Amino acid sequence: MADRNAETITVDGHEIELSNLDKILFPDSGITKGDLVDYYRRIAPIALPHWRGRPLSMHRFPDGIGEAGFFQKDVPGYFPDWIDRIELPKQDGTVTYAVAENAATLVYLANQGCITPHLSLARRDKPDHPDRLIFDLDPSDDDFAKIQRAAKRVRALLDDLDMACFVQTSGSRGLHVVLPLDRSADFDEARAFARDAAERLAERYPQELTVEQRKDKRGDRVFLDYLRNAYGQTSVAPYAVRAIEGAPVATPLRWGEAGAGDLDPRKYTLRNIFRRLSRIGDPWEQIPRRRYSISAAAKRLATLS
């Protein structure tokens with residue numbers, strides 16, 4: 001008798017053996033591994049333009065979010081040869097990352113219990129030169145309106161520097177403000193600029209924003225986390241599912257949505273994201289057309305009062 005909990009499908013010309021499709025990964029909402037696999041298959045045309053060429057780290061939950069998950073960077077030996085890879089140096093060795101170049105890879109990773117992919121801020125051809133800079137707006141309490149105001153502050157500063165930025169929900173508690181770069185700067189330069197910009201904002205709005213890394217020193221202020229802008233660091237992939245009950249999705253937004261009173265960082269989920277996309281498409285569709293120089297921005301930042 002055929003196993004109804006297993007299936008072999010062909011995606012992008014690659015046969016993928018799926019297993020345990022009825023396994024519950026999100027207990028309270030009843031979302032299964034089959035649901036996760038189907039989500040990543042369907043989201044691939046929207047997500048892949050943002051994912052291709054980026055070293056990928058896997059946040060895996062083979063037994064569902066009720067059990068402890070684990071981060072995995074190195075590609076296991078049993079992964080099929082058709083999954084693209086890149087070997088990059090690290091302290092005392094190298095890491096071989098997966099690179100999601102097609103929908104088949106997303107499906108395979110989901111079948112391995114990878115709920116949340118995280119991506120490098122640089123692409124494989126220039127791994128030391130990021131094409132994304134990120135401000136991760138981290139809440140100190142449950143007042144999401146503070147996060148929305150903080151995102152508005154970051155955008156206003158970048159507007160003053162003649163730089164257009166983009167925003168997404170984290171799918172967890174906050175927002176990410178993302179600045180596309182021209183890859184002329186290395187990670188050290190990008191991180192220095194992000195730090196200087198965050199410090200400038202914290203000086204302007206000391207009651208609202210902070211760059212204090214220690215939680216006990218933040219009070220109820222929003223932490224402007226610029227620390228992800230470093231070699232080897234990652235950020236949650238746009239359109240990635242988070243390992244949180246309800247399966248919220250890290251969702252790119254229009255800026256008009258980012259300040260809306262009904263916005264919640266977990267508003268969009270595996271179950272409702274496609275209705276949203278059918279209405280408005282991908283708000284980050286234009287991001288590849290934007291490219292900014294860190295050195296030019298740093299010079300302008302130094303002249304701001």
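The model shown is predicted, which means the values in this text are computed figures rather than measured ones.
- Annotation: side chain of Arg266 is in contact with side chain of Ile244 (closest heavy-atom distance under 4.5 Å).
- Ring geometry for Phe166 against Trp284 counts as perpendicular: the plane angle is over 60°, on a 0 to 90° scale with 30° as the lower cut.
- Between Lys23 and Thr32 the shortest side-chain heavy-atom distance does not fall below 4.5 Å.
- In summary, the aromatic rings of Tyr239 and Tyr40 are positioned with their centroids too far apart to meet the 6.0 Å limit.
- Going from atom CZ of Arg173 over to atom CG of Asp264 covers 11.5 Å, rounded to the nearest 0.5 Å.
- With 3.5 Å as the limit, one finds no donor-acceptor pair spanning the side chains of Thr251 and Gln168.
- Under the rule for a ring-ring contact (aromatic ring centres under 6.0 Å, His included), the partners of Phe79 that lie at least two apart in sequence or sit in another chain are Tyr108.
- Although no hydrogens or angles enter the test, the distance criterion places no donor-acceptor pair under 3.5 Å between the side chain of Arg195 and the main chain of Val211.
- In this structure, a donor-acceptor pair under 3.5 Å is absent between the side chains of Asp186 and His129.
- Counting only distance, with no hydrogens or angles, the side chain of Arg291 and the backbone of Pro288 share a donor-acceptor pair below 3.5 Å.
- Between Arg183 and Asp131, none of the side-chain N atoms (NZ, or NE/NH1/NH2) sits under 4.0 Å from a carboxylate O, so this pair counts as no salt bridge.
- Looking only at distances, a side-chain donor or acceptor of Asn5 sits under 3.5 Å from a matching main-chain atom of Leu21.
- A heavy-atom distance below 4.5 Å is found between the side chains of Leu106 and Leu48.
- Under the 4.0 Å criterion applied to side-chain N and carboxylate O atoms, Arg204 and Glu199 are not assigned as salt-bridge partners.
- Arg191 contributes no side-chain N or O that, together with a main-chain N or O of Ala230, makes up a donor-acceptor pair within less than 3.5 Å.
- With sequence neighbours excluded, the residues that form a ring-ring contact (aromatic ring centres under 6.0 Å, His included) with Phe71 are His59, His118.
- Side-chain contact between Val154 and Leu224: present, with at least one pair of heavy atoms (C-beta onward) separated by less than 4.5 Å.
- Counting only distance, with no hydrogens or angles, the side chain of Lys33 and the backbone of Asn111 share a donor-acceptor pair below 3.5 Å.
- A side-chain donor-acceptor contact under 3.5 Å links Asp12 to the backbone of Ala104.
- The residues Arg153 and Glu208 are annotated as salt-bridged, a charged nitrogen and a carboxylate oxygen being separated by less than 4.0 angstrom.
- Side chains of Ser172 and Ser170: a donor-acceptor N/O pair is absent below 3.5 angstrom, by distance only.
- A 6.0 Å sphere centred on CD of Gln72 holds more than 12 heavy atoms belonging to other residues, nucleotides or ligands.
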